[in-house]
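This report refers to the structure that appears directly beneath it.
The shown structure was predicted, so the numbers you read here are calculated from the model rather than taken from an experiment. Reminder, nothing fancy here: chain letters follow the sequence lines and each chain counts from 1.
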Amino acid sequence: MIEWSPTKIAAFQKTLLNWYDHNKRDLPWRHGHDPYHVWISEIMLQQTQVQTVIPYYQRFMKKFPTVQALAVADESDLMKAWEGLGYYSRARNLQKAARQLVEDYDGQWPTTAKELQNLSGIGPYTAGAIASIAFNQPVPAVDGNAFRVFSRLLEIDADIAKPQSRRIFEKAIQPLMPKDRPGDFNQAIMDLGTSYMSATNYDSEHSPVKAFNQAYLDGVEDHYPVKTKKKRPVPVKYFGLISRSEKGFLFEKRPSNGILSGFWMFPLIKADELPVKPAASEKTVLATLEKQFLETYQLPIHVKKLAGQPVSHTFTHQKWQIILLETTLSSQVDLSFFPGKWIPEAEFSDVAFTKVQSKMWARYQAETRY
DNA sequence: CACTCGTGGGG
DNA sequence: TCCCCAAGAGT
């Protein structure tokens with residue numbers, strides 16, 4: 001890692017902010033510095049591309065225009081607004097924090113990064129972003145862009161995949177923050193990080209800060225940022241149960257913990273958790289599944305495998321392969337032992353579907369021409 | 001600290 | 001197909 005003189009720091013600030021003033025992206029959340037607007041956009045932008053966020057942000061602001069509106073919203077409306085964005089705990093934490101603001105802070109935003117981190121879903125990055133953009137606090141906002149940009153500018157060798165690297169970057173960036181325009185500085189770094197200094201297809205030759213890019217000047221740019229590789233998703237096999245009756249389709253409410261928690265989905269049975277020998281025939285496996293459903297939920301199902309390949313869906317850490325099973329079940333069956341309910345197809349559009357649920361539904365329609 | 005938690009896009 | 005990446009936070 002290298003260090004800059006005060007003269008060089010001043011020159012960098014001037015160059016960066018001048019470029020930003022003439023080239024900043026016109027984004028919906030950049031029309032003012034309302035902390036609510038900054039907050040919602042920052043949460044949505046976590047691990048999510050700008051282009052994806054824009055329509056969600058606009059719909060969200062129309063539906064939940066204020067902290068108070070968000071605090072009193074129905075959770076189902078909230079999840080519907082978040083449908084398809086992923087990392088759904090972001091939405092739930094958003095409402096938790098809205099209620100914290102109303103109840104614990106009397107509707108008054110805390111203005112320092114330290115205080116902001118007491119709100120659910122606001123971690124070190126988002127706290128820095130809100131504090132600097134909405135409240136003019138001279139603190140860094142270290143996201144993936146900042147990691148990448150400053151690792152190159154200063155040749156910082158710390159592995160950005162390691163949690164401990166954050167403080168190294170924060171300490172390196174803090175002295176570079178302009179006291180008068182910290183929010184613009186942080187946003188300029190983000191714009192730089194998605195353009196001239198992007199992860200792939202970067203163009204340092206034409207970058208406005210190429211004279212400050214030590215890695216570029218030394219011809220070692222492809223070495224930065226240092227980042228250890230992630231593990232690949234683990235394959236997991238499921239059976240997806242699609243049961244139709246006069247009352248609609250049978251849905252199960254997923255557990256309150258874990259992946260896709262709380263969503264209504266076609267019941268999913270993990271194949272590995274069925275009590276069968278690894279070498280069991282498919283016929284045996286399906287018979288066991290029927291037996292389990294009868295014993296556990298008092299539901300007399302008779303499954304029929306749907307044609308076609310399994311429905312495949314990849315998450316960050318899991319790759320699901322779902323074999324769809326069709327059953328017809330009387331709408332009169334007793335569901336008191338089953339954590340689910342019938343949902344009429346006419347109501348599907350009111351229910352938040354996860355991506356994998358949409359895939360199963362689409363496949364069912366295609367295979368059955370239902 | 002290592003792991004979990006979604007989805008879409010690009011090479 | 002597979003991998004990486006994208007304005008991270010909670011546990």
Side-chain angles (χ1 to χ4, degrees), chain A residues 24-25 27-30 37-57 79 82-94 96-97 116-133 140-149 159-167 169 183 185-195 197-202 225 227-236 254-263 265 309 312-321 352-359:
Chain A
K24 65 181 170 188
R25 291 173 289 175
L27 302 170
W29 46 89
R30 284 185 175 173
H37 299 169
V38 175
W39 175 43
I40 300 301
S41 67
E42 292 300 343
I43 300 297
M44 286 186 171
L45 286 160
Q46 290 172 6
Q47 303 292 287
T48 310
Q49 297 188 134
V50 167
Q51 157 192 332
T52 302
V53 165
I54 290 175
Y56 280 93
Y57 175 83
M79 296 318 289
W82 208 265
E83 178 182 46
L85 258 190
Y87 286 153
Y88 298 98
S89 64
R90 289 185 294 176
R92 298 192 175 106
N93 283 330
L94 217 41
K96 275 190 202 168
L116 285 163
Q117 285 193 65
N118 292 329
L119 297 167
S120 293
I122 298 185
Y125 161 72
T126 306
I130 297 174
S132 63
I133 298 170
V142 187
D143 68 335
N145 289 306
F147 275 127
R148 181 173 57 258
V149 167
D159 181 354
I160 66 170
K162 304 282 186 188
Q164 61 193 19
S165 297
R166 171 172 299 279
R167 59 179 174 78
F169 278 79
F185 179 91
N186 285 333
Q187 292 185 90
I189 294 300
M190 297 177 207
D191 280 16
L192 199 56
T194 59
S195 58
M197 297 189 70
S198 62
T200 58
N201 302 325
Y202 48 85
K227 187 180 185 182
T228 52
K229 292 178 182 174
K230 297 172 183 170
K231 296 177 189 171
R232 39 189 298 186
V234 178
V236 186
R254 293 183 59 78
S256 53
N257 296 321
I259 199 163
L260 306 181
S261 61
F263 279 94
M265 292 179 62
Q309 291 300 108
S312 180
H313 187 74
T314 305
F315 301 94
T316 308
H317 293 92
Q318 297 177 32
K319 178 174 181 173
W320 288 7
Q321 298 286 347
F353 273 23
T354 64
K355 184 64 186 175
V356 64
Q357 170 62 26
S358 295
K359 282 185 182 177

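- Comparing the C1' positions of B:dC1 and C:dA6 gives an interatomic distance of 23 Å, to the nearest angstrom.
- Spacing between atom CE of A:Met44 and atom P of C:dG8 amounts to 15 Å, rounded to whole angstrom units.
- The phosphate of B:dC3 has neither OP1 nor OP2 within less than 4.0 Å of any side-chain N or O from A:Lys230.
- Considering only side-chain N and O atoms, A:Gln164 lies under 4.0 angstrom from the phosphate OP1 or OP2 of B:dC1.
- Across all strands, A:Leu27 comes closer than 4.0 Å to base atoms (heavy-atom distances).
- A:Arg166 places no side-chain N or O within donor-acceptor distance of the main-chain N or O of A:Pro124, the cut-off being under 3.5 Å.
- Here A:Ala199 lies in heavy-atom contact (under 4.0 Å) with sugar-phosphate atoms only.
- Within 4.0 Å (heavy atoms only), A:Thr316 reaches at least one base atom of the nucleic acid.
- Counting to the nearest Å, the P atom of B:dT4 and the CZ atom of A:Arg90 are 19 Å from each other.
- In this structure, the NZ atom of A:Lys231 is 19 Å from the C1' atom of C:dC5, given to the nearest Å.
- In this structure, A:Ser41 reaches neither bases nor backbone, as no heavy-atom distance under 4.0 Å exists between it and the strands shown.
- You'll find a donor-acceptor pair under 3.5 Å spanning the side chain of A:Tyr87 and the base of B:dG6, going by distance alone.
- Side-chain N/O atoms of A:Arg232 include one lying less than 4.0 angstrom from OP1 or OP2 on C:dC3.
- As judged by a 4.0 angstrom heavy-atom cut-off over every strand, A:Arg92 is placed among residues making no nucleic acid contact.
- Side-chain to base pairing of A:Thr200 with B:dG11: no donor and acceptor N or O lie closer than 3.5 Å to each other.
- Formation of a donor-acceptor pair under 3.5 Å by the A:Thr48 side chain with backbone atoms of A:Gln46 is found in this model.
- Between the P atom of C:dA7 and the CD1 atom of A:Ile189 lies a distance of 13 Å, rounded to the nearest Å.
- Two residues, A:Phe353 and A:Asn201, neighbour DNA chain B, and the one matched to the more 5' nucleotide by heavy-atom proximity is A:Phe353.
- Annotation: of the two residues near DNA chain C, A:Met190 and A:Gly121, the 5′-most nearest-nucleotide partner is A:Met190.
- Taking the side chain of A:Val50 as heavy atoms from C-beta on, and the options C:dC5, C:dA9, C:dA7, the nearest nucleotide is C:dA7.
- Under a 3.5 Å cut-off, the side chain of A:Asn186 and the backbone N or O of A:Ile133 do not form any donor-acceptor pair.
- Looking at heavy-atom distances under 4.0 Å, A:Val53 makes no contact with the nucleic acid at all.
- Spacing between C:dC4 and B:dC3 at atom P, rounded to whole Å, works out to 16 Å.
- In terms of phosphate contacts, A:Gln318 brings a side-chain nitrogen or oxygen within less than 4.0 Å of OP1 or OP2 of B:dC5.
- Between the CZ atom in A:Arg254 and the CZ atom in A:Phe263 there is a gap of 10.0 Å [rounded to 0.5 Å].
- At a cut-off of 3.5 angstrom, the base of B:dG6 holds at least one donor-acceptor pair with the side chain of A:Thr48.
- Using a 4.0 Å heavy-atom criterion, one finds that A:Lys319 contacts the sugar-phosphate atoms exclusively.
- Backbone-only contact: A:Gly258 has heavy atoms under 4.0 Å from sugar-phosphate atoms and none from a base.
- Across the protein-nucleic acid pair, A:Asn93 atom CG and C:dG8 atom C1' stand 12 Å apart, rounded to whole Å.
- One P atom belongs to B:dG9, the other to C:dA9, and the distance between them is 24 Å to the nearest Å.
- Residue contacts for A:Lys359: at a heavy-atom cut-off of 4.0 Å it reaches no nucleic acid atom on any strand shown.
- Nearest-nucleotide positions on DNA chain B for A:Gln51 and A:Gln47 put A:Gln47 closer to the 5' end.
- A:Ser120 comes within contact range of the sugar-phosphate backbone alone, with a heavy-atom separation under 4.0 Å but no base atom that close.
- Between the side chain of A:Arg90 and the main chain of A:Met44, a donor-acceptor pair closer than 3.5 Å is present.
- B:dG6 and C:dT11: their P atoms are spaced 14 Å apart (whole Å).
- The residue A:Thr126 sits close only to the backbone: its heavy atoms come under 4.0 Å of sugar-phosphate atoms, none of a base.
- Of the candidate nucleotides C:dC5, C:dA7, B:dT4, B:dT4 has the atom lying nearest to any side-chain atom of A:His317.
- Ring pair A:Phe315/A:His317: centre-to-centre distance not below 6.0 Å.
- At a cut-off of 3.5 angstrom, the base of C:dA7 holds at least one donor-acceptor pair with the side chain of A:Arg25.
- The separation between A:Leu85 atom CG and B:dG9 atom P is 12 Å, rounded to whole Å.
- One can place CD of A:Gln49 at 13 Å from C1' of B:dG11, the figure rounded to the nearest angstrom.
- The side chain of A:His313 contributes no N or O atom lying less than 4.0 Å from OP1 or OP2 of B:dG6.
- The interatomic distance linking A:Lys229 (NZ) with C:dC3 (P) rounds to 10 Å, in whole Å.
- Residues A:Trp29 and A:Glu42 have side chains not in contact (no heavy-atom distance under 4.5 Å, counting atoms from C-beta outward).
- Although no hydrogens or angles enter the test, the distance criterion places no donor-acceptor pair under 3.5 Å between the side chain of A:Tyr88 and the main chain of A:Ile259.
- Across all strands shown, A:Trp82 has no heavy atoms under 4.0 Å from either base or sugar-phosphate atoms.
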